[in-house]
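Only one structure is covered here, and it is reproduced in the block below.
Each chain gets a letter, A, B and so on, in the order its sequence line appears, and its residues count up from 1.
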Amino acid sequence: MKTQFRHHRGSGSFRDLIRLSQRIRRRIAVGNRSHSDRNIRRGSGSFRDDRRANIHSLDNRDKKSLPRLVALAALTLLTAALAGCAVEPWVKPYERANLADPIMSFEREPVSGGYLNHVYQARESGRGAEGGQGGGCGCN
Amino acid sequence: MNPLHAKSLFGLLLAALLAGGPLTASAGDAKPAPAFTLPNQQQAQVSLADFQGDVVMINFWASWCAPCREEMPLLNGLYKKYKALGFTLLGVNMDENSNDAYAMLKEIPVSFPVVFESHGRVGKLYGLVAMPSTVFVDRKGNIRFAHAGYAKGDEKEYEKYIKALVRE
């Protein structure tokens, strides 16, 4: 334990890592701020107002177009359905031959895989998304 | 139209599109079993109507489905036990490539009739929600019970249904 710590300190990699993560965090914080905020802070006078006006109109347009988009999507679906072009987004249980193929499973050995997943669950304090049971035939 | 309304309309539309076949009806409802005609291993056409007057247990299976493999010998046992009482079991194989099914039948031979559906049409007709799926048709040709999937011990439930329908 002691030697490991000294090794990190000696090479400086640990401190470098912290510095890097701080830099990344700073960059993310900047990225999360919307463009408008940044422009407003930087800009001045009439230019800033113009920008703001532009942004407001854009927002309004977005709000209006969402239901219109949904309606359009619904209409497209309806037309497709009426035209006899059925929308079948999901694989039916009897079409799962390829999904049930052993090559599609995450683990080759389900038993040892289960133990490994148990270790991960304890370590990460979270579980799930480890692939389904039953070979993907939709029976469970 | 406010977005919430739009969303609910969209949901309704999707639900209407995806509304399933007879299996969405609850068990116990009498509904005529959709008719189908499919080839057996000898390429002779077999219809569901051929078994009219018998209690028919339609079992949908595939070679890639592990529980189907597990229940196959048990189904064969049920068929042998009850066939004298006007009962038949009709296996409907859903493999895209029927050769896979032939290979499995060589491995696990069964004595009940098996037909082969490689396009999934009958699966759609019956609105299957799982593999394997089992449908019980009474002597009048109505679907009386439906069972999705197979877990150890389900064969007892099958037997219960068969006994009830055979007595009618």
Please find the pair of heavy atoms, one from B/A130 and one from A/P93, that lie closest to each other, and give the distance.
N-CG, 3.5 Å
Once you round to the nearest 0.5 Å, how far does CD of A/E95 lie from NZ of B/K124?
8.5 Å
Look at atom CG of A/N98 and say whether more than 12 heavy atoms of other residues, nucleotides or ligands are closer to it than 6.0 Å.
no
Can you tell me if B/Q45 has over 12 outside heavy atoms packed within less than 6.0 Å of its CD?
yes
Give a yes or no on this: more than 12 heavy atoms of other residues, nucleotides or ligands lie within 6.0 Å of atom CD of B/E96.
no
I'd like to know whether CD of B/Q52 has more than 12 heavy-atom contacts from other residues, nucleotides or ligands below 6.0 angstrom.
no
Which heavy-atom pair separates B/W64 from A/Y94 by the least distance, and what is that distance?
CZ2-O, 3.8 Å
